[in-house]
Amino acid sequence: AQSVTQPDIHITVSEGASLELRCNYSYGATPYLFWYVQSPGQGLQLLLKYFSGDTLVQGIKGFEAEFKRSQSSFNLRKPSVHWSDAAEYFCADLRDNYGQNFVFGPGTRLSVLP
Amino acid sequence: DGGITQSPKYLFRKEGQNVTLSCEQNLNHDAMYWYRQDPGQGLRLIYYSQIVNDFQKGDIAEGYSVSREKKESFPLTVTSAQKNPTAFYLCASRGTVYGYTFGSGTRLTVV
(Lines give C-alpha, C1' and ligand atoms only; values in the text may rest on other atoms or scores of the structure.)
Protein backbone atom coordinates (compact mmCIF):
# COMPACT_ATOMS: atom_id res chain seq x y z
CA ALA A 1 0.00 0.00 0.00
CA GLN A 2 1.10 3.51 -0.67
CA SER A 3 2.36 5.46 2.30
CA VAL A 4 3.82 8.85 3.05
CA THR A 5 6.32 9.46 5.81
CA GLN A 6 7.43 12.69 7.37
CA PRO A 7 10.39 11.85 9.59
CA ASP A 8 10.28 15.03 11.66
CA ILE A 9 7.38 15.36 14.08
CA HIS A 10 8.40 18.84 15.26
CA ILE A 11 10.91 21.35 13.94
CA THR A 12 11.91 24.66 15.47
CA VAL A 13 13.68 27.35 13.46
CA SER A 14 14.51 30.97 14.07
CA GLU A 15 12.75 33.64 12.09
CA GLY A 16 14.75 34.43 8.96
CA ALA A 17 16.43 31.04 8.88
CA SER A 18 15.99 28.58 6.04
CA LEU A 19 13.63 25.65 6.31
CA GLU A 20 13.44 22.16 4.88
CA LEU A 21 10.65 19.73 5.75
CA ARG A 22 11.17 16.16 4.66
CA CYS A 23 8.68 13.91 2.93
CA ASN A 24 9.15 10.41 1.55
CA TYR A 25 6.60 8.45 -0.42
CA SER A 26 6.37 4.77 -1.10
CA TYR A 27 6.78 3.47 -4.61
CA GLY A 28 4.10 4.47 -7.04
CA ALA A 29 4.13 4.39 -10.80
CA THR A 30 3.18 8.04 -11.04
CA PRO A 31 3.23 9.93 -7.78
CA TYR A 32 1.01 12.94 -7.45
CA LEU A 33 2.44 14.83 -4.51
CA PHE A 34 1.13 17.72 -2.49
CA TRP A 35 2.09 19.89 0.44
CA TYR A 36 -0.62 21.36 2.66
CA VAL A 37 -0.40 23.73 5.61
CA GLN A 38 -2.78 23.79 8.55
CA SER A 39 -3.07 26.51 11.16
CA PRO A 40 -4.44 25.44 14.57
CA GLY A 41 -8.12 24.54 14.43
CA GLN A 42 -8.33 25.25 10.72
CA GLY A 43 -8.64 23.32 7.51
CA LEU A 44 -5.86 22.57 5.07
CA GLN A 45 -4.49 25.06 2.57
CA LEU A 46 -2.67 23.86 -0.52
CA LEU A 47 0.90 25.13 -0.77
CA LEU A 48 1.99 23.37 -3.96
CA LYS A 49 1.64 20.21 -5.97
CA TYR A 50 3.68 18.05 -8.34
CA PHE A 51 2.30 15.92 -11.12
CA SER A 52 5.03 15.74 -13.74
CA GLY A 53 7.57 17.88 -15.57
CA ASP A 54 9.92 20.24 -13.79
CA THR A 55 11.01 18.62 -10.55
CA LEU A 56 11.29 21.94 -8.73
CA VAL A 57 7.82 23.25 -7.95
CA GLN A 58 7.01 26.74 -6.77
CA GLY A 59 4.13 27.35 -4.42
CA ILE A 60 2.44 30.08 -2.46
CA LYS A 61 3.96 32.02 0.44
CA GLY A 62 7.49 31.60 -0.93
CA PHE A 63 7.59 27.81 -0.57
CA GLU A 64 9.09 25.41 -3.06
CA ALA A 65 9.52 21.66 -3.20
CA GLU A 66 11.80 19.37 -5.14
CA PHE A 67 10.76 15.96 -6.39
CA LYS A 68 13.57 13.41 -6.37
CA ARG A 69 12.48 10.07 -7.75
CA SER A 70 15.78 8.38 -6.89
CA GLN A 71 15.25 9.22 -3.22
CA SER A 72 11.44 8.91 -3.23
CA SER A 73 11.37 12.34 -1.68
CA PHE A 74 9.42 15.55 -2.04
CA ASN A 75 10.96 17.96 0.46
CA LEU A 76 9.49 21.37 1.15
CA ARG A 77 11.81 24.38 1.42
CA LYS A 78 11.68 28.04 2.20
CA PRO A 79 14.76 30.29 2.18
CA SER A 80 13.65 32.61 4.97
CA VAL A 81 10.97 31.66 7.50
CA HIS A 82 8.48 34.19 8.85
CA TRP A 83 6.78 33.92 12.23
CA SER A 84 3.46 33.44 10.43
CA ASP A 85 4.76 30.18 8.93
CA ALA A 86 4.34 28.43 12.29
CA ALA A 87 1.80 25.72 11.57
CA GLU A 88 1.49 22.02 10.79
CA TYR A 89 2.60 20.83 7.39
CA PHE A 90 1.30 17.74 5.65
CA CYS A 91 2.72 15.93 2.67
CA ALA A 92 0.22 13.88 0.67
CA ASP A 93 0.15 11.48 -2.24
CA LEU A 94 -2.90 10.72 -4.33
CA ARG A 95 -3.86 7.11 -3.95
CA ASP A 96 -4.55 6.36 -7.56
CA ASN A 97 -4.40 7.83 -11.00
CA TYR A 98 -8.08 8.70 -11.03
CA GLY A 99 -7.55 11.50 -8.56
CA GLN A 100 -9.31 9.75 -5.76
CA ASN A 101 -8.30 10.03 -2.19
CA PHE A 102 -5.16 11.20 -0.57
CA VAL A 103 -2.68 9.34 1.57
CA PHE A 104 -1.43 11.85 4.11
CA GLY A 105 1.78 11.85 6.06
CA PRO A 106 1.57 12.28 9.83
CA GLY A 107 2.52 15.94 9.64
CA THR A 108 5.41 18.10 10.84
CA ARG A 109 4.75 20.85 13.32
CA LEU A 110 6.82 23.96 12.69
CA SER A 111 7.62 26.40 15.48
CA VAL A 112 9.32 29.71 14.72
CA LEU A 113 11.47 31.51 17.28
CA PRO A 114 11.54 35.33 17.20
CA ASP B 1 -17.44 33.31 -2.47
CA GLY B 2 -17.45 29.58 -3.08
CA GLY B 3 -16.26 27.23 -0.41
CA ILE B 4 -17.00 24.51 2.06
CA THR B 5 -18.83 25.16 5.31
CA GLN B 6 -18.57 22.76 8.20
CA SER B 7 -20.75 23.12 11.25
CA PRO B 8 -20.64 23.24 14.12
CA LYS B 9 -17.04 24.21 14.78
CA TYR B 10 -17.12 22.50 18.18
CA LEU B 11 -19.38 19.61 19.16
CA PHE B 12 -19.75 17.70 22.38
CA ARG B 13 -21.22 14.24 22.54
CA LYS B 14 -22.31 12.16 25.46
CA GLU B 15 -21.49 8.50 25.62
CA GLY B 16 -23.95 6.46 23.55
CA GLN B 17 -25.23 9.38 21.50
CA ASN B 18 -25.25 9.74 17.76
CA VAL B 19 -24.19 13.11 16.41
CA THR B 20 -24.22 14.53 12.91
CA LEU B 21 -21.59 16.82 11.44
CA SER B 22 -22.64 19.06 8.61
CA CYS B 23 -20.68 19.72 5.42
CA GLU B 24 -22.04 22.00 2.71
CA GLN B 25 -20.30 23.19 -0.45
CA ASN B 26 -21.30 25.71 -3.09
CA LEU B 27 -18.47 24.90 -5.46
CA ASN B 28 -20.56 22.60 -7.65
CA HIS B 29 -18.08 19.82 -6.95
CA ASP B 30 -19.14 16.25 -7.60
CA ALA B 31 -16.87 14.46 -5.12
CA MET B 32 -16.87 14.96 -1.38
CA TYR B 33 -14.81 13.40 1.40
CA TRP B 34 -14.68 13.04 5.17
CA TYR B 35 -11.37 12.75 7.01
CA ARG B 36 -10.56 12.20 10.63
CA GLN B 37 -7.48 13.85 12.11
CA ASP B 38 -5.74 12.66 15.27
CA PRO B 39 -2.48 14.07 16.62
CA GLY B 40 0.54 12.46 15.03
CA GLN B 41 -1.51 10.41 12.58
CA GLY B 42 -2.26 12.80 9.78
CA LEU B 43 -5.62 12.52 8.09
CA ARG B 44 -7.45 9.28 7.57
CA LEU B 45 -10.29 8.79 5.12
CA ILE B 46 -13.67 7.86 6.59
CA TYR B 47 -16.07 7.99 3.64
CA TYR B 48 -16.19 9.54 0.21
CA SER B 49 -18.83 10.18 -2.41
CA GLN B 50 -18.23 10.75 -6.09
CA ILE B 51 -21.82 11.46 -7.08
CA VAL B 52 -25.19 12.02 -5.49
CA ASN B 53 -26.77 8.94 -3.90
CA ASP B 54 -23.50 7.04 -3.95
CA PHE B 55 -20.74 6.76 -1.37
CA GLN B 56 -17.86 4.46 -0.52
CA LYS B 57 -16.15 3.43 2.68
CA GLY B 58 -12.68 4.73 3.35
CA ASP B 59 -10.03 3.31 5.64
CA ILE B 60 -11.82 3.85 8.96
CA ALA B 61 -15.57 3.74 8.21
CA GLU B 62 -16.59 1.63 11.20
CA GLY B 63 -18.84 3.54 13.55
CA TYR B 64 -19.66 6.22 10.98
CA SER B 65 -22.41 6.71 8.43
CA VAL B 66 -23.02 9.21 5.64
CA SER B 67 -25.64 10.24 3.12
CA ARG B 68 -25.46 12.13 -0.14
CA GLU B 69 -28.96 13.18 -1.08
CA LYS B 70 -27.88 16.49 -2.58
CA LYS B 71 -24.78 17.48 -4.47
CA GLU B 72 -24.08 20.28 -2.03
CA SER B 73 -24.36 18.30 1.19
CA PHE B 74 -22.47 15.36 2.68
CA PRO B 75 -23.33 14.97 6.38
CA LEU B 76 -21.40 12.58 8.60
CA THR B 77 -23.03 10.77 11.51
CA VAL B 78 -20.81 9.54 14.30
CA THR B 79 -22.69 6.66 15.85
CA SER B 80 -22.46 5.15 19.31
CA ALA B 81 -20.56 2.27 17.71
CA GLN B 82 -17.56 4.54 17.23
CA LYS B 83 -15.57 3.80 20.36
CA ASN B 84 -13.15 6.70 20.21
CA PRO B 85 -14.86 9.56 18.41
CA THR B 86 -12.93 12.45 19.94
CA ALA B 87 -11.05 13.96 17.00
CA PHE B 88 -10.94 16.76 14.48
CA TYR B 89 -13.09 16.07 11.41
CA LEU B 90 -12.40 17.61 8.03
CA CYS B 91 -14.65 17.66 5.01
CA ALA B 92 -13.30 18.18 1.50
CA SER B 93 -14.63 18.41 -2.00
CA ARG B 94 -13.01 17.93 -5.37
CA GLY B 95 -13.76 19.70 -8.63
CA THR B 96 -11.04 18.94 -11.13
CA VAL B 97 -9.08 15.71 -10.80
CA TYR B 98 -6.52 17.29 -8.51
CA GLY B 99 -8.37 20.27 -7.14
CA TYR B 100 -9.34 19.62 -3.54
CA THR B 101 -10.86 22.17 -1.20
CA PHE B 102 -11.01 21.60 2.55
CA GLY B 103 -13.45 22.93 5.10
CA SER B 104 -12.31 24.45 8.39
CA GLY B 105 -13.20 21.41 10.44
CA THR B 106 -15.33 20.30 13.38
CA ARG B 107 -13.77 19.32 16.69
CA LEU B 108 -15.80 16.57 18.35
CA THR B 109 -15.31 15.79 22.01
CA VAL B 110 -16.94 13.03 24.02
CA VAL B 111 -17.97 14.16 27.49
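Naming: A, B, ... by sequence-line order, numbering from 1 per chain.
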Hey, is CD on B/E69 packed in by over 12 heavy atoms from elsewhere, all under 6.0 Å? no
Assess whether side chain to side chain contact (heavy atoms under 4.5 Å, CB included) is satisfied between B/L45 and A/V103, documenting all intermediate values. CA-CA 8 Å; B/L45 182 65; A/V103 174; over 6 Å; no
Answer yes if B/Y47 and B/V78 sit in the same cluster of Ile, Leu, Val, Met, Phe, Trp and Tyr residues linked by side chain heavy atoms under 4.5 Å apart, and no otherwise. yes
Do A/F63 and A/L33 belong together in a cluster built from hydrophobic side chains that touch within less than 4.5 Å? yes
Applying salt bridge (charged side-chain N to carboxylate O under 4.0 Å, His left out), name anything that partners A/E20, two or more places apart in sequence or on another chain. none
ILVMFWY cluster, A/L56 and A/I60 together (side-chain gap under 4.5 Å): no
Atom group of B/L43 that falls short of 4.5 Å from chain A, counting heavy atoms: both
Among residues 12-19 of chain A, those lying within the under-4.5 Å heavy-atom range of chain B are none
Part of A/L44 within contact of chain B (heavy atom distance under 4.5 Å): both
Ordered numerically, the heavy-atom neighbours of chain B under 4.5 Å found in residues 104-114 of chain A are A/F104, A/G105, A/P106
Are A/L46 and B/Y100 close enough, and set up right, to give a side chain to side chain contact (heavy atoms under 4.5 Å, CB included), and what steps lead you there? CA-CA 8 Å; A/L46 178 66; B/Y100 283 75; over 6 Å; no
Would you name the heavy atoms of B/F88 and A/Q42 that are closest together and state the gap between them? CE2-O, 3.5 Å
Distance (rounded to the nearest 0.5 Å) between B/R94 CZ and A/L94 CG: 8.5 Å
Side chain, backbone, both or neither: which part of A/Q45 has an atom under 4.5 Å from a heavy atom of chain B? neither
Heavy-atom count around B/K14 NZ within 6.0 Å, excluding the residue itself: above 12? no
Close contacts, residues 101-111 of chain B versus chain A, judged by heavy atoms under 4.5 Å: B/F102, B/G103, B/S104
Going hydrophobic residue to hydrophobic residue with side-chain gaps under 4.5 angstrom, can you get from A/Y50 over to A/L21? yes
Answer with side chain, backbone, both or neither: which region of B/Q37 has an atom nearer than 4.5 Å to a non-hydrogen atom of chain A? side chain
When you group the ILVMFWY residues by side-chain heavy-atom contacts below 4.5 Å and let the links chain together, are A/Y36 and B/L90 in the same group? yes
